[in-house]
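Just so we're on the same page: letters track the sequence lines, and every chain starts at 1.
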Amino acid sequence: MAVLDIRRKLAILADAAKYDASCASSGGEKRDSVGGKGVGSTEGMGICHAYAPDGRCISLLKILLTNFCIYDCAYCINRVSSNTLRARFSVKEVVDLTLNFYKRNYIEGLFLSSGVIRNGDYTMEEMVRIAKSLRLEHDFRGYIHLKLIPEASPELAAEAGLYADRVSINIELPRDDSLKSLAPEKDVGDIKRAMGRMRLAIDERAEPARKAARKTFARSQSTQLIVGADAAKDGDILARSASLYGAYRLSRVYYSAFSPIPDASHRLPSARPPLLREHRLYQADWLMRFYGFAQPEIIGEGEDLDLSVDPKTAWALRHRDRFPVDINLADRETLLRVPGLGAKAVDRILLARRQARLTIDDLRRVGAVVKRARAFVVAEGWTPGMATDGEHLKARLVEPAQLSLF
Amino acid sequence: MRVVRLSSEIDFDGWRRAARDLRAEGVSPETVIWTVERDLFEAAPIEKPAPAARAFTVPPAFVELARSVVLHRSSERLSLLYRLLWRLEREPRLIDNPADPDVAKARDMAKAVGRAIHKMHAFVRFRLVETDPETYAAWFEPAHRVTEAAAPFFARRFTNMTWTILTPDACVAWDGASLKVSDGADPAEAPSEDAQEELWRTYYASIFNPARLNERMMRQEMPKRYWRNLPEARLIPQLIETAQERAAAMVAASPSPAPDRVLKAALRQARDGSYNGDVPTSLDEVAAAVQVCRRCDLWRDATQGVAGEGAAHAPLMFVGEQPGDQEDLAGRPFVGPAGQVFNQALEEAGVPRDRTFITNAVKHFKHEPRGKRRIHKTPDRGEVQACRWWLDAERRLVRPRVIVALGATAAHAVMGKATPIAANRGRPLQLPDQGQAVVTYHPSFLLRLPDADARERARAEFVEDLRLAGELARLID
């Protein structure tokens, strides 16, 4: 086999990692390199050091340790039956690359994932060695996100937690039956048990009583669901997310529109990724996490979201009897359910209306999307009249521009 | 007209002094012109406003806002700030009104300044100048005059490197101990390349997914004004141009057949079933088989099945309702809050836990997600019935002398019919298989009782029932 230089390896192993949507570097503990020997800091808020032409944030050096893999997951470019080019980094190569990029301010840190070679434990051990070398030998204080191999032993997962700021395990397929058919070697039980153990470990370390004595430990975990690779409806996907948020206190569930991959398996649709659907799922996810909506209110299992309007507007159109809402009187929970009002705008409305009755123009200045909100609110000098009940209201709220986001 | 000259574009203290005096003097905002002293030699003498008549206070939020707004490149910023200060005298709560046009404008400027600082943290690209000691330099053009404000971040992050950031407004240098600020520089003074940039461009090109091209989003977050100082940006036009074609090729490409060798290896790797569906013949088999149980739908949202655990031929078996949140995560029965109540009561009763067997009537956690919590739901009769298969297997394998049913659900499962706790607790009940049963409260019932007296009474009864069971099982003399 030809020996690949570092540039070729990087090209192959970054390409192989790009189907993972997560690149967040937020939520780490606050720390810097003052008083240390190495470089690095995390200040809570993540930083995107560049944006690729796909509009996605590049915050971390997101690579695989290797794209050799013994598994045959149909949706994955690295599955054993794919004829893709293979490469493998050494521990030192990843450590050097991370430090060199970090010192030039290209990245916030490392996001390391891997194909499974030999077995889960062997692979996890190699990944942990990299994180350990960065932290202990180089006193690296930047961000580290490690992907956990679900089949790896609980001890290795716990060690990964010692060096990483975040760990994640991708469930990938929203439905268990499709996981079985498209990823025959993956076991959803293994994944859930690994997430369960990790939540217990994170909870335990976060307990105030143990905080003083604790070593730093991962603060959060996340997962990813692929959208459009199986027959799961949006309602099924959101129900799965709601269950995951509740069970494992995930900081995020990422939705990744299934992207055609070179040398795809014939078991999968070969089509453009459903980006608008992915966008609507994120909006619905936000409604669950920050706007007080429960999953069944947004969409039932077995149903799909309406792609033509955002899920909050869709909800409002189904519940016109609750509108219009008086922005000068309504409480926070009610305001959060008005289309066009974000959480920040709502907080500003609550502040501003202590001083004066708010008009539609005021609404614009506090950062609301007036075009969407106007049919649903009453303000000083403004009533929507019959607009709320208007037959054609939906048609006026559909944004053709949104649809071009393919 | 009053002309006020500040010593630099970001001279906040100078603005503050002058503004304080002007307001005290009653000089209205329309009559003040704010300028910056660029050339000290041609400067007209600075007009000294009359000494302050009286001190006044402003909300801290205004001072904070003003510190940011001063860094904005807009020429209106200083007069806007003075207008706000002026209005604060009559409208002391002005700053709390996000809908006021002046406040909104200042807030937008502060936001733009904040964003410029954030983008500077993101887009500065260091180049190696010297390896020993490791020294770096960067050329950067910030959107607003934020160089000094952005610098401490780099000092915290790259404390143990030596570095300089050059900008047209100002330069900041870190020598490992302190930050030094000097006048603006020229791009020619910065290094022009770094060997790592080729690797960085390789990464940038490889991480981009052409099937998701979204130029608008990229430009919104990485405005073109920054491109000329980003080594990766030169790739953008070509990546965009070829994206459509590459994506189309990916969609069109038909899958190539997998190599034979690989398929065979994959088949070998495929797992064998851990459980064949027959009646389990050991407790280990029960524990493995519960994981693949599909007798009802509860497995779907649960982490795992939780089988019983304890001494293999324990004379005493406890049956609870179902695993809770903690049990579901850990895969073991009675480890959560109810488990702690249970353990304590067991100890008081003098029953050694390690000589008993502990399990649940239902092996998966039934719940409803609510935000970041899971709310317990009582399993229905069908679920209890479906799960009796496992409970019966455990009973058959352990063969306990006495079974304690904790709570109504367990009592129903153990006795095979509804057996109210209050009417049946405190005495041995006969089981059809020669064994005896005791029914008592579920420990989480004790946790939920709001009245302290009632709770104490129920707890005492609970301990009494455990002691009775221990005696029947001959674990206590």
Open item on the list: Is Ala356(A) in contact with chain B via its backbone, its side chain, both, or neither, using a 4.5 Å heavy-atom distance?
Closed with: neither
Open item on the list: Heavy-atom pairs under 4.5 Å with chain B - which of Arg31(A), Arg141(A), Lys37(A) has more of them than the others?
Closed with: Lys37(A)
Task: Lys/Arg N to Asp/Glu carboxylate O, Asp297(B) vs Arg300(B), below 4.0 Å - done: yes
Open item on the list: Please identify, among Asp32(A), Asn105(A), Asp361(A), the residue contributing the most non-hydrogen atom pairs under 4.5 Å to chain B.
Closed with: Asn105(A)
Open item on the list: I'd like to know whether Tyr136(B) forms a ring pair (Phe, Tyr, Trp, His ring centres under 6.0 Å) with Phe158(B), so could you lay out the CA-CA distance, the side-chain angles of the two residues, the decisive distance to 0.1 Å, and finally the verdict.
Closed with: CA-CA 10 Å; Tyr136(B) 294 85; Phe158(B) 303 112; 7.9 Å; no
Task: When Gln326(B), Met217(B), Arg374(B) are compared by non-hydrogen pairs under 4.5 Å with chain A, the top option - done: Arg374(B)
TODO: Can you tell which part of Met45(A) gets under 4.5 Å to a heavy atom of chain B, answering side chain, backbone, both or neither?
DONE: side chain
Task: Options Met198(A), Met288(A), Arg289(A), Lys103(A), ranked by heavy-atom pairs under 4.5 Å with chain B, top entry - done: Lys103(A)
Open item on the list: I'd like to know if Arg212(B) and Glu278(A) make a salt bridge, using a cut-off of under 4.0 Å between side-chain N and carboxylate O.
Closed with: yes
Task: Presence of salt bridge, Lys186(A) and Asp190(A), under 4.0 angstrom - done: no
Task: Residue Ala330(B) versus chain A: region with a heavy atom under 4.5 Å - done: both
Task: Top contributor to chain A interface from Gly305(B), Pro101(B), Ala122(B) [non-hydrogen pairs under 4.5 Å] - done: Ala122(B)
TODO: Would you mind checking if Glu108(A) and Arg157(B) are paired as a salt bridge, meaning a charged N to carboxylate O distance below 4.0 Å?
DONE: yes
Open item on the list: Are more than 12 heavy atoms, taken from residues, nucleotides or ligands other than Glu193(B), located less than 6.0 Å from that residue's CD atom?
Closed with: no
Task: Contact leader toward chain B among Cys23(A), Ser33(A), Ala294(A), Ala52(A), where contacts are heavy-atom pairs under 4.5 Å - done: Ser33(A)
Task: Residues Asp194(B), Arg104(A): salt bridge by 4.0 Å N-O rule - done: yes
Task: chain A interface, residue from Gln291(B), Glu91(B), Glu232(B), Arg107(B) that has the most non-hydrogen pairs under 4.5 Å - done: Arg107(B)
Task: Leu239(B) portion near chain A, given a 4.5 angstrom heavy-atom threshold - done: side chain
- [ ] Please determine if Glu197(B) and Arg125(B) form a salt bridge, counting it only when a charged side-chain N lies under 4.0 Å from a carboxylate O.
- [x] no
- [ ] Sort out for me which of Ile58(A), Asn100(A), Ile12(A), Leu250(A) touches chain B most, counting heavy-atom pairs under 4.5 Å.
- [x] Asn100(A)
Open item on the list: Between the side chains of Asp5(A) and Arg8(A), is the shortest nitrogen-to-carboxylate-oxygen separation below 4.0 Å, so that they form an ion pair?
Closed with: no
Open item on the list: Quick check for you: among Leu61(A), Ile191(A), Thr42(A), which has the greatest number of heavy-atom pairs under 4.5 Å with chain B?
Closed with: Leu61(A)
Task: side-chain contact (heavy atoms from CB on, under 4.5 Å) between Met161(B) and Val39(A), worked out - done: CA-CA 8 Å; Met161(B) 282 171 16; Val39(A) 292; 3.8 Å; yes
Open item on the list: Any non-hydrogen side-chain atom of Leu358(A) less than 4.5 Å from a side-chain atom of Leu363(A)?
Closed with: no
Task: Arg348(A) versus chain B, the contacting section by heavy-atom distance below 4.5 Å - done: both
Task: Part of Glu221(B) within contact of chain A (heavy atom distance under 4.5 Å) - done: both
TODO: Determine the option with the most heavy-atom pairs under 4.5 angstrom with chain A, choosing from Lys105(B), Lys119(B), Glu134(B).
DONE: Glu134(B)
TODO: Using a strict cut-off of less than 4.0 Å between a Lys/Arg side-chain nitrogen and an Asp/Glu carboxylate oxygen, indicate whether Asp328(B) and Arg199(A) qualify as a salt bridge.
DONE: no
Task: Interface moiety of Ala302(B) toward chain A, non-hydrogen atoms closer than 4.5 Å - done: backbone
Task: Interface moiety of Asp301(B) toward chain A, non-hydrogen atoms closer than 4.5 Å - done: both
Task: Contact class of Phe154(B) relative to chain A, heavy atoms under 4.5 angstrom - done: side chain
Task: Proximal component of Met222(B), with respect to chain A [non-hydrogen, under 4.5 Å] - done: both
Task: Heavy-atom pairs under 4.5 Å with chain A, option from Phe123(B), Tyr204(B), Trp200(B) with the top count - done: Trp200(B)
- [ ] Answer with side chain, backbone, both or neither: which region of Gln295(A) has an atom nearer than 4.5 Å to a non-hydrogen atom of chain B?
- [x] neither
Open item on the list: Under 4.0 Å between a side-chain nitrogen and a carboxylate oxygen: does that hold for Asp102(B) and Arg87(B)?
Closed with: yes
Open item on the list: Within the 3.5 Å criterion, strictly below it, is a donor on Arg156(B) or Ser41(A) matched to an acceptor on the partner's side chain?
Closed with: no
Open item on the list: I'd like to verify something: which residue of Gln304(B), Glu368(B), Gln196(B) has the highest number of heavy-atom pairs under 4.5 Å with chain A?
Closed with: Gln196(B)
Task: Heavy-atom proximity to chain A below 4.5 Å, by part of Trp163(B) - done: neither
